[in-house]
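Here's the structure we're looking at; comments come further down.
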Amino acid sequence: MTWGNRSVLMEFVFLAYPSHLELRVLSFLGVSLVYTLIISGNVLIVVAIHTEARLHTPMYYFLGSLSGVEICYTAVVVPHILAHILQSEKTITVLGCATQMAFFIGLGSADCLLLAVMAYDRYVAICHPLRYPLIITMTLCVRLVIASVVIGLFLSLQLVAFIFSLPFCQARGLEHFFCDVPPVMRLVCANSHIHEQSVLVAATLAIAVPFLLIATSYAFIVAAVLKVQSSAGRHRAFSTCSSHLTVVLLQYGCCAFMYLRPNSSYDPKQDQFISLVYTLGTPLLNPLIYALRNSEMKEALGRVPARSCLSWDH
């Protein structure tokens, strides 16, 4: 049973976990709390959008889909982190590492693509309001969400197949909490420049291209909003975009730092912190940002507990 002339049962060892028992317990409790909040926040958004008739619009359909992707995205990595915090053996097979990386990068890419789709939705709503119901149909929404996930996973599979076809050095220690691209690439024993360029191309397709689409959409949005005569109209138009723009800057800032740079600038400690930000921080902040900056969503979330109580009574 081999893959690229190596046994798929060969193991990597994670070196980033704390060794002291007290730190391990504190880490476990901290990550568990954050993960519980992530799942709760994103599930609440999905439930609110599903049950609130007023939110059955393309904008909220995309937001619900984003929350669904983030639930899956964190599920790929966070339970693995929690399990390894408590285990003495912090190892993973090559096949397990490749599988984790494929889903993590794939769903992360889908997240980025969905943010681009949401920017396009806002562009049509603000720049072509009369044609909006004709352009952004529910059929198109479903197709765009499916396409985001499929393209993200396809790009990820290409990248992972390429990385794990390369020869690895004898050192098996990963200076990380899970199988991410930069720490795994550090273990590759080959002409690093050529391989770095290949990884950079894949990262550009998954990160830079969607960001360019978002930037273009917002350039048209700003130009259209500045033509609006009333300040109230301008404020309303910008308020529908502010939550999305905040999430975009947070998500793409971390992703660009991690993946759109040469391997030589890799710093294990710094990268471990940044990876925790986009693995735990961003999925935690997204529901908060959308809930706090969107009055309709805030009202809908407030009605979810009451609706749940009524359903239990019946």
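Residue numbers start at 1 and run along the sequence shown.
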Steps toward side chain to side chain contact (heavy atoms under 4.5 Å, CB included) verdict (F164, M101): CA-CA 10 Å; F164 283 86; M101 189 190 289; 3.9 Å; yes
Test log, rule side chain to side chain contact (heavy atoms under 4.5 Å, CB included), inputs V184 and F168: CA-CA 9 Å; V184 172; F168 287 109; 3.8 Å; yes
Check: Y218 ring centre within less than 6.0 Å of Y123 ring centre: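 Judged by ring-centre distance (under 6.0 Å), Y218 and Y123 do not meet the cut-off.
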[X] side chain vs [Y] backbone, donor-acceptor pair below 3.5 Å:
{"X": "K90", "Y": "H84", "value": "yes"}
{"X": "Y73", "Y": "P283", "value": "no"}
{"X": "H176", "Y": "S275", "value": "no"}
{"X": "Q100", "Y": "C179", "value": "yes"}

Between [X] and [Y], is there shared hydrophobic-cluster membership here, with clusters defined by ILVMFWY side-chain heavy atoms closer than 4.5 Å?
{"X": "L44", "Y": "M59", "value": "yes"}
{"X": "L140", "Y": "L66", "value": "yes"}
{"X": "L23", "Y": "L29", "value": "no"}
{"X": "L33", "Y": "V77", "value": "yes"}
{"X": "I151", "Y": "L212", "value": "no"}

Shortest non-hydrogen contact between [X] and [Y], atoms and distance:
{"X": "L107", "Y": "L153", "result": "N-CD2, 4.4 Å"}
{"X": "G173", "Y": "L187", "result": "O-CD2, 3.5 Å"}
{"X": "I49", "Y": "G64", "result": "CD1-N, 3.5 Å"}
{"X": "I126", "Y": "A224", "result": "CG2-CB, 4.4 Å"}
{"X": "V46", "Y": "S67", "result": "CG2-CB, 3.8 Å"}
{"X": "I38", "Y": "T279", "result": "CD1-O, 4.4 Å"}

Are there more than 12 heavy atoms of other residues, nucleotides or ligands under 6.0 Å from atom [atom1] of [X]?
{"X": "R172", "atom1": "CZ", "result": "yes"}
{"X": "R54", "atom1": "CZ", "result": "yes"}
{"X": "Y132", "atom1": "OH", "result": "yes"}
{"X": "H128", "atom1": "NE2", "result": "yes"}

Parallel, tilted or perpendicular: ring planes of Y17 versus F14, cut at 30 and 60 degrees: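 Perpendicular: the ring planes of Y17 and F14 meet at over 60°.
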Is the closest side-chain heavy-atom distance between [X] and [Y] below 4.5 Å?
{"X": "Y120", "Y": "I135", "value": "yes"}
{"X": "C97", "Y": "F178", "value": "no"}
{"X": "L276", "Y": "F177", "value": "yes"}
{"X": "Q251", "Y": "L115", "value": "yes"}
{"X": "N286", "Y": "E70", "value": "yes"}
{"X": "V248", "Y": "F211", "value": "yes"}
{"X": "E175", "Y": "P183", "value": "no"}
{"X": "S109", "Y": "I105", "value": "yes"}

About how many Å separate [atom2] of [Y] and [atom1] of [X], when rounded to the nearest 0.5 Å?
{"X": "Q158", "Y": "I163", "atom1": "CD", "atom2": "CD1", "result": "12.0 Å"}
{"X": "T74", "Y": "N42", "atom1": "OG1", "atom2": "CG", "result": "7.0 Å"}
{"X": "I45", "Y": "S40", "atom1": "CD1", "atom2": "OG", "result": "11.5 Å"}
{"X": "L114", "Y": "D121", "atom1": "CG", "atom2": "CG", "result": "11.5 Å"}
{"X": "H20", "Y": "S27", "atom1": "NE2", "atom2": "OG", "result": "11.5 Å"}
{"X": "H56", "Y": "M138", "atom1": "NE2", "atom2": "CE", "result": "8.5 Å"}

Steps toward side chain to side chain contact (heavy atoms under 4.5 Å, CB included) verdict (I71, I39): CA-CA 6 Å; I71 290 168; I39 298 299; 4.0 Å; yes
Trace of the side chain to side chain contact (heavy atoms under 4.5 Å, CB included) decision for V78 with L82: CA-CA 6 Å; V78 183; L82 289 170; 4.3 Å; yes
Short side-chain donor-acceptor distance under 3.5 Å, Y278 and D180: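 Per modelled atom types, D180 and Y278 side chains form a pair under 3.5 Å.
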